[in-house]
Amino acid sequence: MLPARNQEAMAAAASGTYSYCSRPRALPARRRYREEEPVRYANLMYDRRVVRGNTYALHALPWVGSPDPLEIQRQREAHRKALARKRAKEQHQSRTPEPVEGRKHVDVQTELYLEELGDRIIEVDVECQTDAFLDRPPTPLFIPAKTGRDVATQIEEGELFDFDIEVKPMLEVLIGKIIEQALLEVMEEEELANLRAHQYAYEELRNAELAEVQRLEEQERRHREEKERRKNQQSQLLQKQKETSEKIAARAFAQRYLADLIPSVFSSLRDSGYFYDPVERGLYYFSFFFTGSIVQCSLYIYF
Amino acid sequence: MAHARISAKLPPDIDPTKAAIAFGERALPKLNEELQSPELLTRQRALMALCDLVHDPENVYQAIQLGFLDNLKYLLLDHDSTVREKTTEVLYIMASHNVGRDGFIKYGVIPALSQLLNDPVDICRRNMHRAFEIMAELPRGAVGIVDSSLISSLVLKLKTELDEIQELILDTLSGCLCIEAFEALATGAVSILKEKLTHPSVAIRSKAARVLLGISVPLEGKNIVWDEEVIPVLVSLLEDSDPEVRANAAGALMNATITTQGKYAALSADAIPPLLKLVDDETSKVRLNAIKALTMLSEAPEGRKTLLNHVDLFRGQLNDSSEAVSRAAKIAIKVIEWKP
């Protein structure tokens, strides 16, 4: 393990990359949360450790110990010289690449005479600026360019179908249905009208006949009643007559019967001794009631 | 969702208020289902389509077989007025067919219809009364109406309804009175009719007179007519311009003067001269009723005395075109020339 690693390290060192490895070891227990450490308040803006300005041209660690003023001056001189050298070099430096091995660059004039380039296109700069407050005009309708071919066709009359012939069956059905419905309704009404007329005529006759019947009934009734009354009258009359004749007969009979009533009454009374001489009777009774009821006897006699 | 229609815009002559009618046999069953739908628009459209279909008697028959009448009875009590209007219209059109009338009686549609007597919408009531009127023209239908005890409500409605509905009610009543008149008399119909006799509308006058004719057929009717002193009003109507009014008035007089008291009331109201004028009228009904009324009046001695002078008028009618008139004229002559 170790030798392999060393080889690896050497190889790495030779190529220039860095690698490190160590035995795995247990980490010490670390506090999860930081303890309260004293916070050293400092303002970032006034912290001298913060680098200011351009950071990509700085050397690593420009501060090494305390700066020597001489050293600083010498550095500045060197810097200036480098700049001057660079400027001079730039001026003399040709744009073309360095000549290849075994060759040399030479300036050559292709033409005898220098020619002025007069073939310049006259350029004119023109500016345009829209009115600051104008509205943007609406975008024009985008009509794409027509593509394809135009083809036309025309259907002449009578080519597809013949209207008159085709429409016949449909018309027949439509009109047929309409007329059928209309006929039904008309028939219905006619039927009803006929029914009514019939009933009307019948009603006329019926009413007339009914009235006749009732009249005859009434007549019958009246005649019957009249007859009844007359019969009653007649019978009453007869009755009365009978009564009167009976009365007369009774009266006559009674009269005759009672005619010799009085003589016979008197004779029978005399016969039974109701008419007597009171003195005689008195004397007769006197003989029975001698003891003394003279007043009684006289009373009796007068009675 | 795919529709059978090609484009969303309907063709211009199609009626968007009607439901699409299925083809052939399925038309009515499908409409029956649509009628029971909870959605209002579906029901309305189904009813509009049904209105057109029931003009055909075959459809009416099929509809009744399928049990449409129960659904229609249920829809009569719907909240929406359009549904009620259309339902009453469908029922009215059905009633004009005989099959429909039979169906009405069988399924008891008349009591259901009578629930709409107080409906606020005029058209519903008018259609309902039209249906009643047509039912009353049929004897069985009139029996149905009488059985549902509608006569008293109809008579009371006469006082409050609109004119054209009154005409329909009067027609219904004259049909029902042939069956039974007592209920109407009990509701005081005679006094209401007496008012209607002086109504400005001709139709109402003539129909009211016709109802009076019917009401005075039973004896109680005659007595009440005499009681309420309708006879003088009828005599004044004899000179009306419309022949119908004259005919019906003469007919009512004819019935009312059968009783002795009616006769004397008419004689005291001086009925004979106008009636004599009517004997020569153009309408046969007028002539018939006038001759009959005069016959009634000639049974009373005073009437006979007056009419003996006019016997020739009756002889002129002996050869009348209408057989009934000539018969009546013969009877009249016989009665006038009768000696006790």
Side-chain angles (χ1 to χ4, degrees), chain A residues 161 163 166-167 169-234, chain B residues 13 52-59 93 95-98 133-134 137-138 171 174-175 178 210 213-214 216-219 222 244 247-248 250-260 262-263 283-286 288-289 291-293 295-296 298-300 322-325 327-328 331 335 338 340:
Chain A
F161 61 86
F163 180 71
E166 299 292 329
V167 93
M170 278 194 266
L171 260 184
E172 270 174 26
V173 169
L174 274 174
I175 295 190
K177 275 206 176 305
I178 294 172
I179 292 192
E180 193 187 318
Q181 185 79 4
L183 268 177
L184 276 173
E185 294 191 15
V186 168
M187 244 167 43
E188 207 179 86
E189 282 174 20
E190 239 183 69
E191 191 187 326
L192 275 179
N194 269 346
L195 203 80
R196 285 217 178 95
H198 224 258
Q199 272 190 332
Y200 204 63
Y202 170 70
E203 204 187 313
E204 228 181 272
L205 282 173
R206 177 179 174 269
N207 282 339
E209 291 301 316
L210 199 65
E212 184 61 29
V213 161
Q214 287 193 328
R215 185 188 67 82
L216 285 171
E217 246 179 50
E218 191 59 29
Q219 202 184 39
E220 263 312 302
R221 190 187 62 90
R222 273 204 323 266
H223 285 185
R224 208 166 11 122
E225 268 182 19
E226 192 64 31
K227 265 193 234 166
E228 279 297 318
R229 254 182 285 137
R230 292 219 178 141
K231 265 203 297 206
N232 279 343
Q233 229 177 23
Q234 193 74 354
Chain B
D13 295 325
D52 281 338
L53 285 178
V54 287
H55 284 281
D56 189 356
E58 287 182 23
N59 282 338
I93 299 176
S96 57
H97 298 285
N98 203 21
E133 191 222 332
I134 297 182
E137 285 176 8
L138 188 72
D171 275 331
S174 61
C178 304
R210 190 161 154 239
L213 203 159
S216 45
V217 164
L219 188 60
K222 291 196 240 277
E244 269 303 310
N248 288 331
L253 271 175
M254 159 181 98
N255 272 334
T257 50
I258 288 181
T259 53
T260 321
K263 284 202 239 281
T283 324
S284 71
K285 190 172 172 193
V286 181
L288 183 62
N289 289 347
I291 293 179
K292 282 251 160 298
T295 318
M296 305 297 167
S298 60
E299 299 234 316
S322 162
E323 193 208 317
V325 177
R327 231 190 353 225
I331 297 177
V335 171
W338 179 75

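Remark: A:R224 does not engage A:E220 in a salt bridge, criterion side-chain N to carboxylate O under 4.0 Å. Taking 4.0 Å as the cut-off between side-chain N and carboxylate O, A:E226 and A:R230 count as a salt-bridged pair.
Looking at B:I331, the atoms closer than 4.5 Å to chain A (heavy atoms on both sides) all sit in the side chain, from C-beta outward. No part of B:S174 comes within reach of chain A, as not one of its non-hydrogen atoms sits under 4.5 angstrom from that chain. Contact annotation for A:E204: both backbone and side-chain heavy atoms come within less than 4.5 Å of a heavy atom of chain B. Only the side chain of A:E203 comes within less than 4.5 Å of a heavy atom in chain B; its backbone stays farther off. Both the backbone and the side chain of B:I258 come within less than 4.5 Å of a heavy atom of chain A. Heavy atoms of B:V325 lying under 4.5 Å from chain A are absent altogether. Neither the backbone nor the side chain of B:I291 comes within less than 4.5 Å of any heavy atom in chain A. Heavy atoms of B:V217 lying under 4.5 Å from chain A belong to its backbone as well as its side chain. Of the two parts of B:K285, the backbone and the side chain both hold a non-hydrogen atom closer than 4.5 Å to a non-hydrogen atom of chain A.
Side-chain atoms of A:Q199 come within 3.5 Å of backbone N or O of B:E137 as a donor-acceptor pair. In this structure, A:Q181 contributes its side chain and B:D52 its backbone to a donor-acceptor pair below 3.5 Å. Not one N or O on the side chain of A:Q214 forms a donor-acceptor pair closer than 3.5 Å with the backbone of B:N255.
Between chain A and the residues B:A293, B:C178, B:G251, the largest count of heavy-atom pairs under 4.5 Å involves B:C178.
Environment of CD in A:E166: crowded, with over 12 heavy atoms of neighbouring residues, nucleotides or ligands closer than 6.0 Å.
The one candidate from A:K227, A:R221, A:R222 that meets the salt bridge (charged side-chain N to carboxylate O under 4.0 Å, His left out) condition with A:E225 is A:R221.
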